[in-house]
S.K.: 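My questions will all concern the structure given below.
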Amino acid sequence: MPTCYIETPLGHAKIVGDDDGISSVSILDSKEELVEVIPEALLDCVTQLKAYFNNELQHFDLKLNPEGTDFQKKVWNQLKTIPYGKTISYLELSKQMGDVKAIRAVAGANGKNPLWIIVPCHRVIGSDGSLTGYAGGLHRKQWLLNHESEYKQQTLF
């Protein structure tokens with residue numbers, strides 16, 4: 001399946017997909033060789049990710065084709081409804097899914113999201129407002145939330 005690696009402010013991202021859609025976008029802790037020529041099937045995804053990081057895009061418009069169970073796909077579709085710059089808790093997400101008791105299953109599906117940033121699992125936080133669980137690391141989750149915030153946090157040093 002066509003694959004490419006691009007540089008982002010958070011590290012190298014791996015993008016996989018074909019004419020049926022993007023199947024995964026993941027952030028890597030290692031440096032992979034970046035490509036000069038982006039496969040045609042991945043070009044829109046690369047363009048939109050770059051626009052997102054340049055503060056030029058708040059909503060992705062891509063054909064997606066992730067692998068997962070029906071329940072996982074239902075959760076991932078619900079994640080796409082969380083507005084840019086907003087967060088919700090795992091409990092709120094479970095309520096939106098129609099079953100407050102499914103909070104662990106919803107959190108588990110959230111954690112298996114194969115479409116980094118595009119399906120915004122980083123916008124889900126703990127009920128107490130804490131940053132909890134993020135496959136890309138909590139420092140990346142914090143960066144993404146700051147990036148999307150209308151009130152950009154400045155660093156002192």
Side-chain angles (χ1 to χ4, degrees), residues 4-17 21-29 34 38 42-69 71-157:
C4 73
Y5 300 89
I6 63 167
E7 184 136 9
T8 76
L10 296 172
H12 286 185
K14 178 182 180 183
I15 304 168
V16 180
I22 303 299
S23 58
S24 74
V25 177
S26 55
I27 188 69
L28 307 172
D29 287 321
L34 303 175
I38 306 294
L42 308 178
L43 195 54
D44 280 347
C45 184
V46 169
T47 301
Q48 289 186 39
L49 281 169
K50 287 181 178 182
Y52 169 86
F53 284 114
N54 286 329
N55 292 311
E56 299 166 352
L57 181 85
Q58 295 184 357
H59 182 272
F60 292 91
D61 183 21
L62 297 166
K63 184 176 179 183
L64 304 176
N65 190 25
E67 284 190 28
T69 66
F71 178 77
Q72 288 170 333
K73 289 178 181 179
K74 186 177 175 186
V75 171
W76 301 336
N77 281 329
Q78 189 66 36
L79 290 171
K80 292 189 296 185
T81 68
I82 305 169
Y84 181 94
K86 303 292 182 192
T87 59
I88 66 167
S89 69
Y90 289 98
L91 180 60
E92 289 175 83
L93 183 59
S94 296
K95 286 178 183 176
Q96 288 178 3
M97 300 288 304
D99 187 357
V100 70
K101 295 177 186 170
I103 189 168
R104 287 183 190 265
V106 167
N110 190 59
K112 295 201 182 314
N113 169 25
L115 293 161
W116 179 64
I117 298 177
I118 296 167
V119 173
C121 59
H122 61 278
R123 296 179 188 153
V124 184
I125 59 174
S127 293
D128 62 358
S130 64
L131 298 186
T132 58
Y134 189 64
L138 292 181
H139 66 288
R140 289 187 178 115
K141 184 173 187 165
Q142 183 66 65
W143 190 97
L144 290 166
L145 293 175
N146 288 344
H147 175 73
E148 293 182 1
S149 173
E150 67 178 297
Y151 306 105
K152 304 291 184 202
Q153 187 160 348
Q154 302 294 318
T155 56
L156 297 176
F157 304 100

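Along the sequence shown, the residues carry numbers beginning at 1.
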S.K.: Restricting to side chain to side chain contact (heavy atoms under 4.5 Å, CB included), what partner residues turn up for N65, sequence neighbours left out?
M.R.: D20
S.K.: Tell me, do I125 and T132 make a side-chain contact under 4.5 Å, heavy atoms counted?
M.R.: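 No, their side chains stay 4.5 Å or more apart.
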S.K.: Closest heavy-atom contact between V46 and C4?
M.R.: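 So the two residues come closest at CG2-SG, 3.8 Å.
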S.K.: Apply side-chain contact (heavy atoms from CB on, under 4.5 Å) to residues H147 and N55 and explain how you reach the verdict.
M.R.: CA-CA 8 Å; H147 175 73; N55 292 311; 3.0 Å; yes
S.K.: Please find the pair of heavy atoms, one from P120 and one from L79, that lie closest to each other, and give the distance.
M.R.: CG-O, 3.3 Å
S.K.: Give a yes or no on this: more than 12 heavy atoms of other residues, nucleotides or ligands lie within 6.0 Å of atom NZ of K73.
M.R.: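 Enclosed.
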S.K.: Between H139 and Y134, is the ring centre distance below 6.0 Å?
M.R.: no
S.K.: Should W76 and L115 count as side-chain neighbours, where that means a heavy-atom distance under 4.5 Å?
M.R.: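 W76 does not reach L115 side chain to side chain.
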S.K.: Enter the distance from F53:CZ to E7:CD here, rounded to the nearest 0.5 Å.
M.R.: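 Reported to 0.5 Å precision, the distance equals 11.0 Å.
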S.K.: What I'd like to find out is whether the side chain of F60 reaches to under 4.5 Å of the side chain of V119, using heavy atoms alone.
M.R.: no
S.K.: Go through N77 and K80 one step at a time and tell me if the side chain to side chain donor-acceptor pair (under 3.5 Å) criterion holds.
M.R.: CA-CA 5 Å; N77 281 329; K80 292 189 296 185; 3.2 Å; yes
S.K.: Mark yes when over 12 heavy atoms from residues, nucleotides or ligands other than E56 sit less than 6.0 Å from its CD; otherwise mark no.
M.R.: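 Yes.
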S.K.: Inspect the contact between E148 and K86 and indicate whether a charged nitrogen and a carboxylate oxygen are less than 4.0 angstrom apart.
M.R.: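 No salt bridge links K86 with E148.
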S.K.: Answer yes if the side chains of Q142 and N146 hold a donor-acceptor pair under 3.5 Å, and no otherwise.
M.R.: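 On atom types as modelled, these side chains qualify, holding a pair under 3.5 Å.
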